[in-house]
A.B. asks: 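The structure's right below; bear with me while I get my questions together.
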Amino acid sequence: MALRMWASSTANALKISCASKAHLSPAFSLSRCFSTVLDGLKYATSHEWVKHEGSVATIGITDHAQDHLGEVVFVDLPETGVSVSGGSSFGAVESVKASSDINSPISGEVVEVNSNLTGKPGLINTSPYEEGWMIKVKPSNPSELESLLGAKEYTKFCEEEDAAH
């Protein structure tokens, strides 16, 4: 982890970029040296992502966040029916290195929880955008999505944040 952070910071300082991963999924991702940012999602500066489809928004932590956490060993998620508020904690993840709160990027009611994470919290590491999603929320204020970052803005935010550390 420390080596990755050093390498990322050094690459940013030297303005070195990685070879593109565009051949893997050109319409869906922007490449970064050590993590993937998917186009079509919204991102919070606290490193959660939101995929809004119809009347439901799926929420999880980003590839960047799971990379910095290391191996996730435990996930604490809310029950269905609970209300979450944009910018407030709804749960936590514990890794071999740290424990971190998970903030909801938007407000709403939890309509589904990813129960697979109870027995397999490592899905957050191996598949943060697909199998490692955390909760599904019925947004109470869909306009909150407009204040979140797009893929390009989130990528830039992560690069600047990594360069500052």
A.B. asks: Working to the nearest 0.5 Å, report the span between CD1 of Ile124 and CZ of Phe74.
C.D. replies: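 Nearest 0.5 Å value for the CD1-CZ distance: 10.5 Å.
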
A.B. asks: Calculate, to the nearest 0.5 Å, the distance between atoms CG and CG belonging to Leu145 and Leu41 respectively.
C.D. replies: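 So the CG of Leu145 and the CG of Leu41 are separated by 11.0 Å.
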
A.B. asks: For the pair Ser95 (side chain) and Ala98 (backbone), establish whether a donor and an acceptor sit closer than 3.5 Å, ignoring hydrogens and angles.
C.D. replies: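 Checking the backbone N and O of Ala98 against the side chain of Ser95, a donor-acceptor pair under 3.5 Å is found.
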
A.B. asks: Check the pair Glu146 / Ser143 against side chain to side chain donor-acceptor pair (under 3.5 Å), numbers first and verdict last.
C.D. replies: CA-CA 6 Å; Glu146 295 169 19; Ser143 65; 5.7 Å; no

A.B. asks: Identify the two heavy atoms, one from Ala57 and one from Val50, that lie closest to each other, and give their separation to 0.1 Å.
C.D. replies: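 Distance-wise, the nearest heavy atoms are CB-CG1, 3.8 Å.
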
A.B. asks: What distance separates Leu148 CG from His52 NE2, expressed to the nearest 0.5 Å?
C.D. replies: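 The distance works out to 11.5 Å.
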
A.B. asks: For Ser55 and Pro139, work out which heavy atoms get closest and say how close.
C.D. replies: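 Looking at all heavy atoms of both residues, the shortest contact is O-CD, 3.3 Å.
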
A.B. asks: Please list, chain by chain and in numerical order, all residues satisfying side chain to side chain donor-acceptor pair (under 3.5 Å) with Asn125, sequence neighbours excluded.
C.D. replies: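 Result, side chain to side chain donor-acceptor pair (under 3.5 Å) vs Asn125: Gln66.
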
A.B. asks: Just to verify, what does Tyr129 make a ring-ring contact (aromatic ring centres under 6.0 Å, His included) with, not counting sequence neighbours?
C.D. replies: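 Partners of Tyr129 under the ring-ring contact (aromatic ring centres under 6.0 Å, His included) test: Trp49.
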
A.B. asks: May I ask you to decide if Gly70's main-chain N or O and His68's side chain share a donor-acceptor pair within less than 3.5 Å?
C.D. replies: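 Looks like no, no N/O pair under 3.5 Å.
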
A.B. asks: Has the side chain of Asn103 got a donor or acceptor atom that lies under 3.5 Å from a matching backbone atom of Ser89?
C.D. replies: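 Yes, because the side chain of Asn103 sits within donor-acceptor range (under 3.5 Å) of the backbone of Ser89.
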
A.B. asks: Could you tell me the separation between the CD atom of Glu161 and the OG1 atom of Thr45, rounded to the nearest 0.5 Å?
C.D. replies: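 One gets 8.5 Å once the value is rounded to the nearest 0.5 Å.
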
A.B. asks: Search all heavy atoms of Ala65 against all heavy atoms of His47 and return the closest pair with its distance.
C.D. replies: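 Looking at all heavy atoms of both residues, the shortest contact is CB-CB, 3.6 Å.
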
A.B. asks: Give the minimum heavy-atom separation between Met134 and Ile102, together with the two atoms involved.
C.D. replies: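 In this case the closest contact between Met134 and Ile102 is SD-CD1, 3.5 Å.
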
A.B. asks: Are side-chain N/O atoms of Ser147 and Glu144 paired as donor and acceptor at under 3.5 Å?
C.D. replies: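 Distance-only check fails for Ser147 and Glu144.
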
A.B. asks: Give every donor-acceptor pair under 3.5 Å between a side-chain atom in residues 75-84 and any protein atom, sequence neighbours left out.
C.D. replies:
none

A.B. asks: With a 3.5 Å distance limit and no angle check, can you tell me whether Thr155 reaches the backbone of Ala151 through a side-chain donor-acceptor pair?
C.D. replies: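 The answer is yes, because a donor-acceptor pair under 3.5 Å joins these two groups.
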
A.B. asks: Looking only at the aromatic ring of each residue, does the gap between the centers of His64 and Phe157 stay below 6.0 angstrom?
C.D. replies: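 Here the rings of His64 and Phe157 have centres that are no less than 6.0 Å from each other.
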
A.B. asks: For Ser99 and Glu94, which heavy atoms make the closest approach, and how far apart are they?
C.D. replies: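 Of all heavy-atom pairs spanning Ser99 and Glu94, the closest is OG-CG, 3.6 Å.
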
A.B. asks: Quick check: does any side chain N or O of Asp63 sit under 3.5 Å from a backbone N or O of Thr36, one acting as donor and the other as acceptor?
C.D. replies: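 Looks like yes, one N/O pair under 3.5 Å.
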
A.B. asks: Passes side chain to side chain contact (heavy atoms under 4.5 Å, CB included), Val137 versus Ile59? Steps please.
C.D. replies: CA-CA 8 Å; Val137 172; Ile59 298 172; 3.8 Å; yes

A.B. asks: Taking all heavy atoms of Glu131 and all of Leu123, pick out the closest pair and write down the distance.
C.D. replies: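 Nearest heavy atoms, Glu131 then Leu123: OE1-CD2, 3.5 Å.
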
A.B. asks: Out of curiosity, Lys136 NZ to Glu109 CD, how far, rounded to the nearest 0.5 Å?
C.D. replies: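 One gets 15.0 Å once the value is rounded to the nearest 0.5 Å.
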
A.B. asks: Between atom CD1 of Ile135 and atom CD of Glu112, what is the distance when rounded to the nearest 0.5 Å?
C.D. replies: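 Answer rounded to 0.5 Å: 11.0 Å.
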
